[in-house]
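Some notes on the structure that comes next.
What you see is a predicted model; the values in this text were computed from it and never measured.
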Amino acid sequence: MLHHHLLSSSASAFPPAAQSLLLLPRPAASLRALLAMSYAASTSTSSSISRPFRPPRAVLAAAVPSLGAEETAAAAEEAFRRHISPGIRRGGGAGGVSVVWFRSDLRVLDNEALARAWAASGAVLPVYCVDPRVLAGATHRFGFPKTGALRAQFLIECLGDLKQNLQKRGLDLLVRHGKPEDILPEIAKAVSAHTVYAHKETCSEELLVEHLVRRGLEKVIIPQGGASNKSLSPKLQLIWGATMYHIDDLPFPVSNLPDVYTQFRKAVESKSSVRSCSKLPPSLGPAPSSGLDEIGGWGSIPTLESLGLSVTKSEKGMRFVGGESAALGRVHEYFWKNDQLKVYKETRNGMLGPDYSTKFSPWLASGSLSPRYVCEEVRRYEKQRVANDSTYWVLFELIWRDYFRFLSEKYGNSIFHLGGPRKVASKWSQDQALFESWKDGRTGYPLIDANMKELLATGFMSNRGRQIVCSFLVRDMGIDWRMGAEWFETCLLDYDPASNYGNWTYGAGVGNDPREDRYFSIPKQAKTYDPDGEYVAYWLPELRSLAKERRNFPGASYIKQVVPLKFDGGHQRKDQQFNRQTRPKNIYRRQK
């Protein structure tokens, strides 16, 4: 999955798509302050990283994408233009009203649930439910806020942009605060909807909500009129649409999904094909002509303040702009304007700046960006510019993203269990003081601390950084990997259950593939990926005055190390045993 830069991340069962702020009872002020970080925009800093990595010196916060509003809108409209087909007609028997329940699919382009609802109905009502279990809930085991303020702000922006894009095409977005199983039956009854369309999820919390919604709809009676005077209940129609390869096109049933990624990848590449993006009619309207007043009109998108959250401007790191338009703008910027797709494989292991990787993962996780659209753009780039290892590697990472989603379908809740899908028996510590030092970036290891501070400030961390901090937490600290996974669930903009927990089970050595069990030597990683200490000096300015070669190894010039390394630079043989590079594999699959 672009595991990180393309993919999406995190676990448990509630998707990142919901005005997620998740603060169960409202958390203490100290926790709120800790979550309420970074928010800023400035000019973007482009980074070109070659081996050995020499990260650029970033100064101010960078907006992602860095395009202005007009350029972003133009890129988005051009993408829509290529996917509009004036000849599309509704089905012959189309009539009545359909509801489209938006979840982690906050887009109009290549949204099959929306397209099917339009084709099967005379009117369409898009709905988003601000679910309190997501916005005011806690993570499953350790009680962290289910959604931090940064992801909540990103979601708010996604919803605002979705509303605008629907309005441009003859519809609107109805926003209601409450549980979907309470809201959707009420709405279906008010507008006499025959079907509620939605994209299918794979993890337990989302599946439970689907079950409850279906049960609630079964209790709704919609009179059909006519001579027969029949009454029917609205149906819930779930559609697969989160992956690049459709589940029905796999060369095997999900129950037979290979436990080794390479076997899965080779099978789908040779025996399956990626479906084209669905085409759009020039207009998706009309919306229902009656019933909305009965349920209080269109409602309003919440603000951070209404959710009890706030973010403060940060002068550092990246500030991701939420929404489908920003997502399409980022694809345009990275692929076409800056022409960076052709060097993606060489730069993808960077850590500093917006352009060492695609940064698509927040939009993929919220469903603001279709993975099939990314695939189409890669193919178009290969035809018009160049096809090389880098263009392929973006698809390679998207296949990883697919793989984790299919694994969550195959293995269910075991991806959240301590022993993972393989039920590995291990002893883990839940030492709170050690975990807090990791979470807050106070371990005494600059490379770990810088990455954790970036996560707090921006809601993002590089693929390389995620691998390193995961390895440190589980290998060097011996801490329960689920604590790290749940903290990522709180903080990451690109959180999604399958990718986050899939990545963490791999990193902890409890994933379905026993070969994905690696140790990341901090000295080795620092020398390879931050040789001049630019990254750590950026996030830990107290190290800036040190000589470049000392920034990652500051000794007494920095805080005391909380634990010794399991293998330091003097244990090269043992280190190499943990880091066999015989095939592509990242414990934290890249998210782009």
Side-chain angles (χ1 to χ4, degrees), residues 17 64-90 98 100 102-121 123-126 128 154 157-173 197 199 239 241-242 244 274-287 301 320-338 341 358-360 362-381 383-384 398:
V64 184
S66 65
L67 308 177
E70 290 186 4
E71 194 174 0
T72 297
E77 286 307 309
E78 172 59 21
F80 275 105
R81 186 193 62 76
R82 292 196 306 272
H83 291 84
I84 288 176
S85 177
I88 292 182
R89 297 288 182 268
R90 284 184 157 100
S98 284
V100 178
F102 280 92
R103 307 175 75 190
S104 296
D105 55 343
L106 304 181
R107 66 180 182 270
V108 174
L109 185 61
D110 195 34
N111 187 315
E112 197 163 343
L114 179 61
R116 286 204 199 177
W118 177 85
S121 311
V124 176
L125 180 59
Y128 184 84
F154 186 81
E157 294 171 8
C158 289
L159 292 173
D161 187 71
L162 174 62
K163 186 177 182 73
Q164 289 183 359
N165 282 338
L166 288 169
Q167 289 173 337
K168 290 176 183 178
R169 288 153 187 88
L171 293 175
D172 204 331
L173 181 65
Y197 288 88
H199 277 115
I239 296 163
M244 183 169 69
V274 177
R275 299 182 183 184
S276 299
C277 291
S278 56
K279 295 294 184 180
L280 287 166
S283 173
L284 290 164
I301 295 169
F320 287 81
V321 181
E324 180 176 21
S325 298
L328 297 173
R330 176 59 181 174
V331 175
H332 167 77
E333 176 182 54
Y334 187 84
F335 283 12
W336 302 100
K337 182 180 181 179
N338 296 345
L341 176 56
T358 70
K359 304 298 187 300
F360 294 164
W363 296 291
L364 286 166
S366 65
S368 302
L369 180 63
S370 162
R372 297 194 301 200
Y373 176 78
V374 177
C375 180
E376 282 190 0
E377 287 296 277
V378 169
R379 298 304 188 201
R380 190 162 74 95
Y381 182 96
K383 288 180 180 179
Q384 296 184 16
L398 281 172

Task: Tyr128 vs Leu106, side chain to side chain contact (heavy atoms under 4.5 Å, CB included): CA-CA, chis, key distance, verdict - done: CA-CA 9 Å; Tyr128 184 84; Leu106 304 181; 3.9 Å; yes
Task: Heavy-atom closest contact (Ser368 atom, Gly323 atom, distance) - done: CB-C, 3.9 Å
Open item on the list: Whether Glu333 and Arg330 form a salt bridge (side-chain N of Lys/Arg under 4.0 Å from carboxylate O of Asp/Glu) is what I want to check.
Closed with: yes
Task: Qualifying residues under salt bridge (charged side-chain N to carboxylate O under 4.0 Å, His left out), relative to Arg169, sequence neighbours excluded - done: Glu77
TODO: Can you see which heavy atom on Gly329 is nearest to which on Ala75, and at what distance?
DONE: CA-CB, 4.1 Å
- [ ] Please list, chain by chain and in numerical order, all residues satisfying side-chain hydrogen bond (donor to acceptor under 3.5 Å, both in side chains) with Arg107, sequence neighbours excluded.
- [x] none
Open item on the list: Which heavy atom of Ser85 sits nearest to which heavy atom of Pro282, and what is that distance?
Closed with: O-CD, 3.9 Å
Open item on the list: Could you tell me if the side chain of Lys359 sits less than 4.5 Å from the side chain of Phe320, heavy atoms only?
Closed with: yes
Task: Partners passing side-chain hydrogen bond (donor to acceptor under 3.5 Å, both in side chains) against Arg89 (at least two apart in sequence or in another chain) - done: none
Open item on the list: Given 3.5 Å as the limit, does a donor-acceptor pair link the side chain of Glu324 with the main chain of Leu109, or not?
Closed with: yes
Task: Spatial distance of atom OH (Tyr334) from atom OH (Tyr381) [nearest 0.5 Å] - done: 9.0 Å
Task: Shortest non-hydrogen separation from Ala113 to Tyr197 and the atoms involved - done: O-CB, 3.8 Å
TODO: Identify, with sequence neighbours excluded, every residue that meets salt bridge (charged side-chain N to carboxylate O under 4.0 Å, His left out) alongside Asp110.
DONE: Arg372
Task: Which atom of Val124 lies closest to which atom of Leu171, heavy atoms considered - done: O-CD2, 3.4 Å
Task: Contact list for residues 274-286, test salt bridge (Lys or Arg N to Asp or Glu O under 4.0 Å), sequence neighbours left out - done: Asp249-Arg275
- [ ] Anything under 30° is parallel, anything over 60° is perpendicular, the rest tilted; go ahead and classify Phe154 against Trp363.
- [x] tilted
Task: Any Val100 side-chain heavy atom under 4.5 Å of Trp118 side chain - done: no
Task: Gln384: side-chain contact (heavy atoms from CB on, under 4.5 Å) partners, not counting sequence neighbours - done: Trp336, Arg380
Task: Minimum heavy-atom distance Gly170-Ser283, with the two atoms named - done: CA-OG, 4.2 Å
Open item on the list: Could you work out, with side-chain hydrogen bond (donor to acceptor under 3.5 Å, both in side chains) as the rule, every residue matching His332, not counting sequence neighbours?
Closed with: none
Open item on the list: Checking Arg82 now: which residues fulfil salt bridge (charged side-chain N to carboxylate O under 4.0 Å, His left out) with it, not counting sequence neighbours?
Closed with: Glu78, Glu377
Task: ring-ring contact (aromatic ring centres under 6.0 Å, His included) against His83, all qualifying residues, sequence neighbours excluded - done: Tyr373
Open item on the list: Distance check, rounded to the nearest 0.5 Å: Arg116 atom CZ versus Ile239 atom CD1?
Closed with: 4.5 Å
Open item on the list: Within the structure provided, determine whether Val378 and Leu398 are in side-chain contact (heavy-atom separation under 4.5 Å).
Closed with: no
Open item on the list: My understanding is that only residues two or more places apart in sequence, or in another chain, count here; which of them pass side-chain contact (heavy atoms from CB on, under 4.5 Å) with Ala76?
Closed with: Ser325, Leu328
- [ ] Find the distance between CG (Leu173) and CD (Gln164) and round it off to the nearest 0.5 Å.
- [x] 11.5 Å
Task: Under the side-chain hydrogen bond (donor to acceptor under 3.5 Å, both in side chains) test, residues paired with Lys337 that sit two or more places apart - done: Glu71
Open item on the list: Tell me if a side-chain donor or acceptor on Asn111 pairs with a main-chain N or O of Asp105 at a distance below 3.5 Å.
Closed with: yes
- [ ] Go through the structure and list residues passing ring-ring contact (aromatic ring centres under 6.0 Å, His included) with Phe80, not counting sequence neighbours.
- [x] none
Open item on the list: Do Glu376 and Ser276 have side chains that approach each other closer than 4.5 Å (heavy atoms only, starting at C-beta)?
Closed with: yes
Open item on the list: Using side-chain heavy atoms (C-beta onward) and a distance below 4.5 Å, is Leu114 in contact with Leu166?
Closed with: yes
Open item on the list: Walk me through whether Ile88 and Leu280 qualify under side chain to side chain contact (heavy atoms under 4.5 Å, CB included).
Closed with: CA-CA 7 Å; Ile88 292 182; Leu280 287 166; 5.8 Å; no
